[in-house]
Amino acid sequence: MKIGINKIGFYTPHMYIDTEDLAIARGVEPGKFKIGIGQDKMAVVPKTQDAVTLAANAALSILDQEDIDAIDYVIFATESGIDHSKAAGVYVHQLLGLNEYCRSIEVKQACYSGTAAIQIAKGHIALNPDSKVLVLSSDISRYGLNTGGEITQGAGAVAMLITRDPKVMVIEDQSVYKTEDVMDFWRPLYSEEAFVHGKLSVIQYIKLFQDLFTAYKEKNQVTLAAFDGLLFHMPYTKMGLKALKSILENESEQEQERLIKQFNIGKYYNEIVGNIYTGSLYLNLISLLEQDTELKAGARLGLFSYGSGSVGEFFTGILQKNYRDHLFTEQHQQMLQAREKISVEQYEKVFMDTIPNGIGNIEFDISNDPAPICFAGIKDHMRQYINKEQ
Ligand code: HMG
């Protein structure tokens, strides 16, 4: 049975900062952020959005009534969870008015968990061929003001509808994966911000990529030529480029040119949104599919998923006939064009405007947030969400 991505869309908040402004404010040469890190803009999230609303907004933009009635599994991948017990998927299930005979869960392993969610969905559909599974990857990346990781922040969510006979991309069964216990990045329960050993994280990412890519080629008896494109978990675009270049050293000039040219086309959405953790690899996929006019149906794409801590997986997908007709390109471009650029001072104010820990009652003004689904406050320790379209 062919199983894969039937629909795919993303949501990112309505505000961003230019990384040149951030560089100037931090006394850094702008070339470091623009070229050295490879980020152009960074999404800034208002307190009226959280991992639940980002995901719900992403899903709302791609689902129709038929999907809403048919989805029987919501798998929510995040490392920005809002509750130690209740799955974020349950909130989204209610906000979207999904069929009540549905499982809703949350999965975690840093940025890798979106891929884990897809693999769980594949297994479920193999047993229940008529099922539609909603996979959500949603996160807010926070390292703190004036930190080394600040330039690699971002916020957003990717929603994917996984079904049999998918219209966009079949996910092939061949896959290699690996776990190595490394403290490169983590976020203890008491902290709003991630802890990171930046240099170690870059080394570990490249090591797992090289290891898994070699293992995949050996297991399936293929060479680099078997891939029409390579996609990466993209904490910042230079990270993906570094990984790509690390396997091109002994390749022909033509192969190097082919893959680097394509990488540069595909990195666009990641470059202007920032790190969205679990959704980042899939944002790279959306970006390539929507930006690369030369990609053809039948193309085989290799995908590298990495989650600090660390777990990695390398797997492949085949683009389906007329896949372009099933993308949400115009919708995404409109969303990105409508974003508002804010100053570094405004960003710092938004960043510091967090909810005091343990607060049981609070109300937010959601009138300035153009998103259809917002986080409106907390009542008796219960988060209040509003779908303005319901
Ligand atoms: P840093 O120390 O600020 O940067 O840390 P640097 O000194 O390494 O410089 C970065 C690049 O800018 C270098 O290029 C410089 O040469 C260049 P490279 O050697 O890398 O090719 N540069 C310039 N280029 C042009 N013009 C200039 C200029 N100046 C310098 N004027 C670091 C960077 C990424 C480590 C830091 O931002 C950080 O710690 N970020 C967070 C961690 C991270 O994103 N790690 C990525 C791998 S781990 C991962 O992907 C998992 C993750 O998503 C979490 C999860 O799984 O949940 C993070």
Side-chain angles (χ1 to χ4, degrees), residues 19-20 22-24 26-40 42-43 51 77-81 107-117 137-158 177-188 191-210 212 231-246 248 260 263 267 270-271 273-284 303-314:
T19 59
E20 179 168 350
L22 184 64
I24 292 165
R26 299 292 178 252
V28 170
E29 164 61 37
K32 175 172 175 184
F33 287 178
K34 294 274 179 195
I35 301 156
I37 295 290
Q39 288 304 121
D40 192 33
M42 185 174 96
T78 187
E79 50 185 302
S80 321
V107 291
K108 179 171 71 182
Q109 181 9 67
C111 299
Y112 167 72
S113 61
T115 302
S137 292
S138 180
D139 275 302
I140 296 166
S141 164
R142 269 178 83 91
Y143 291 90
L145 303 178
N146 271 300
T147 61
E150 183 178 29
I151 178 61
T152 62
Q153 297 177 142
V158 172
Y177 33 86
K178 191 169 188 190
T179 297
E180 274 183 18
D181 186 2
V182 174
M183 291 305 280
D184 61 330
F185 168 107
W186 68 105
R187 185 164 72 86
S191 179
E192 286 298 315
E193 277 88 40
F195 287 53
V196 64
H197 291 138
K199 303 285 187 239
L200 174 65
S201 74
V202 172
I203 292 168
Q204 181 64 11
Y205 175 116
I206 293 183
K207 179 172 172 264
L208 270 200
F209 171 60
Q210 290 180 338
L212 291 170
L231 294 156
F232 294 87
H233 164 55
M234 201 88 89
Y236 53 98
T237 67
K238 182 69 166 292
M239 184 70 251
L241 184 63
K242 269 176 184 281
L244 174 62
K245 283 188 170 168
S246 79
L248 292 181
I260 288 176
F263 176 90
K267 71 182 180 178
N270 299 84
E271 193 174 49
V273 169
N275 193 357
I276 61 167
Y277 288 161
T278 49
S280 175
L281 166 63
Y282 300 98
L283 185 62
N284 188 205
L303 293 89
F304 173 58
S305 181
Y306 177 77
S308 280
S310 61
V311 177
E313 180 157 347
F314 186 85

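Both counts, for ligands and for their atoms, begin at 1 and track the order of listing.
- Close approach of ligand 1 to Ser201 (heavy-atom distance below 4.0 Å) involves ligand atoms 42 (C), 43 (C), 45 (N), 46 (C), 47 (C), 48 (S).
- Aromatic rings from Tyr177 and Tyr112 are positioned such that their centres are separated by 6.0 Å or more.
- Between the side chains of Thr19 and Gln39, no donor-acceptor pair is found at a separation under 3.5 Å.
- Shown here, atom 32 (C) of ligand 1 is out of close reach of the protein: none of its heavy atoms lies under 4.0 Å off.
- Contacts between Asn275 and ligand 1 below 4.0 angstrom, taking non-hydrogen atoms only, involve the side chain exclusively.
- Counting the atoms of ligand 1 from 1 in the order shown, those under 4.0 Å from a heavy atom of Ala110 are 55 (C), 56 (O), 57 (O).
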- Task: Check the pair Glu150 / Arg26 against salt bridge (Lys or Arg N to Asp or Glu O under 4.0 Å), numbers first and verdict last.
- Result: CA-CA 10 Å; Glu150 183 178 29; Arg26 299 292 178 252; 2.7 Å; yes
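- The closest non-hydrogen atom to atom 30 (C) of ligand 1, taken over Lys108, Lys32, Gln39, comes from Lys32.
- Counting atoms of ligand 1 from 1 in the listed order, those under 4.0 Å from a heavy atom of Glu79 are 55 (C), 57 (O).
- For atom 46 (C) of ligand 1, the candidate residues are Pro235, Ser141, Ser80; the nearest heavy-atom contact is made by Pro235.
- Proximity to Lys238 (heavy-atom distance under 4.0 Å) selects the following atoms of ligand 1: 14 (O), 18 (P), 21 (O).
- Only the side chain of Tyr143 comes within 4.0 Å of ligand 1, judged by heavy-atom distances.
- Taking the side-chain hydrogen bond (donor to acceptor under 3.5 Å, both in side chains) definition, one finds that Asn275 meets it with nothing, sequence neighbours left out.
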